[in-house]
Amino acid sequence: MTLAAALLVLGLVDSAFSGFRAYAGRDARIRKHRRNLRAAGRGFAVGAVLLTAPAAVAGLLLVTAADQERTYADLTAGALGYLLPLAVYAAAVLLSLAAYFTLPFRAGTLAMVIGLGPLTLLRPLAVAAGCLGAVVNGGGAAALLVGVTAGAAVLCVEPLVHRRWYREVQ
């Protein structure tokens, strides 16, 4: 169960960042900390709702499985395989954020441009690597189904937040 909790935390943090990204750069005000926090909260809330889908899929797979212990073992192996590539991706994002917040302004901005910009574009590939890791680690079709559902959920947060709250913001 700790793997599921780690994946949930990772998904919720990613959702908060997605909410922030949906808003970031769309407002020319210098002081917009409250708006940034609100945007992150909106992303978190949308992500929390969307991440019920993979939890429901996993629960349904466990309830309907002929061999629940085997299905649980497959889902656990898949969760570990899914978590490893995403943990590497999250570490790269955290390193880029740490550089942004600790380096002087110009160097921090450079870290943001060469770090977080490309990493944002690589999110779908990180999710795909997680799905591949779930299968390769022995999770099978059940883990792949949950992984694809979770990946679709986190990748949908930013477009949904943008469409709901920030479509008109320039």
Side-chain angles (χ1 to χ4, degrees), residues 1-24 35-65 67-98 100-101 115-116 118-166:
M1 208 52 168
T2 57
L3 287 173
L7 286 167
L8 177 63
V9 167
L10 198 58
L12 290 173
V13 169
D14 181 72
S15 296
F17 280 125
S18 292
F20 169 76
R21 278 192 311 272
Y23 172 70
R35 289 174 181 84
N36 287 341
L37 287 174
R38 184 181 313 128
R42 288 173 173 167
F44 185 91
V46 169
V49 170
L50 291 178
L51 286 171
T52 60
V57 168
L60 187 63
L61 286 170
L62 283 170
V63 169
T64 61
D67 185 1
Q68 289 182 343
E69 288 181 25
R70 176 71 182 150
T71 303
Y72 186 82
D74 288 347
L75 290 175
T76 302
L80 182 60
Y82 196 82
L83 182 61
L84 291 176
L86 295 181
V88 170
Y89 175 80
V93 169
L94 288 175
L95 182 64
S96 187
L97 282 172
Y100 173 71
F101 286 118
L116 287 178
L119 286 171
T120 298
L121 296 175
L122 291 175
R123 283 178 71 237
L125 294 176
V127 169
C131 290
L132 181 63
V135 173
V136 169
N137 201 44
L144 180 61
L145 178 62
V146 174
V148 167
T149 307
V154 296
L155 292 175
C156 285
V157 172
E158 187 172 348
L160 288 174
V161 170
H162 173 74
R163 189 170 295 124
R164 168 64 178 92
W165 286 287
Y166 304 115

Student: Quick one: does Asp74's side chain get under 4.5 Å of Leu61's, heavy atoms only?
Tutor: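 Contact flag for Asp74/Leu61 side chains = no.
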Student: If you round to the nearest 0.5 Å, how far is OG1 of Thr2 from CG of Leu8?
Tutor: 12.5 Å
Student: Quick one: closest heavy-atom pair of Ser96 and Leu119, and the distance?
Tutor: CB-CD1, 4.5 Å
Student: Do you know which two heavy atoms are closest between Thr76 and Leu3, and how far apart they sit?
Tutor: O-CD1, 3.5 Å
Student: Is any side-chain heavy atom of Asp14 less than 4.5 Å from a side-chain heavy atom of Ser18?
Tutor: yes
Student: Distance check, rounded to the nearest 0.5 Å: Leu144 atom CG versus Leu75 atom CG?
Tutor: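 One gets 11.5 Å once the value is rounded to the nearest 0.5 Å.
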Student: Name all pairs fulfilling the salt bridge (charged side-chain N to carboxylate O under 4.0 Å, His left out) condition that reach into residues 48-65, sequence neighbours left out, sorted by first residue then second.
Tutor: none
Student: Does any part of the side chain of Leu51, heavy atoms only, come nearer than 4.5 Å to the side chain of Leu7, both counted from C-beta?
Tutor: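 Leu7 does not reach Leu51 side chain to side chain.
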Student: Keeping Arg35 on the side-chain end and Tyr23 on the backbone end, is there a donor-acceptor pair under 3.5 Å?
Tutor: no
Student: Over all heavy atoms of both residues, which pair between Pro159 and Cys156 is shortest? Give the atoms and the distance, please.
Tutor: CD-O, 3.3 Å
Student: Filter on side chain to side chain donor-acceptor pair (under 3.5 Å), then keep only pairs touching residues 46-61, sequence neighbours left out; what's left?
Tutor: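 Those involving residues 46-61 do not exist here.
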Student: Which heavy-atom pair separates Ala90 from Leu10 by the least distance, and what is that distance?
Tutor: CB-CD1, 3.7 Å
Student: Determine yes or no for a side-chain-to-main-chain donor-acceptor pair under 3.5 angstrom, with Tyr82 supplying the side chain and Gly147 the backbone.
Tutor: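 Yes, Tyr82 side chain to Gly147 backbone: donor-acceptor pair under 3.5 Å.
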Student: Looking at side-chain heavy atoms only, is the closest gap between Arg42 and Tyr166 below 4.5 Å?
Tutor: yes
Student: To the nearest 0.5 Å, tell me how far Leu94 CG sits from Tyr89 OH.
Tutor: 10.5 Å
Student: Over all heavy atoms of both residues, which pair between Trp165 and Val46 is shortest? Give the atoms and the distance, please.
Tutor: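 Closest heavy-atom pair between Trp165 and Val46: CZ3-CG2, 3.9 Å.
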Student: To check you understand the geometry: which heavy-atom pair defines the closest contact between Thr149 and Pro54, and what is its length?
Tutor: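 Scanning both residues completely, I find the closest heavy atoms to be CG2-N, 3.7 Å.
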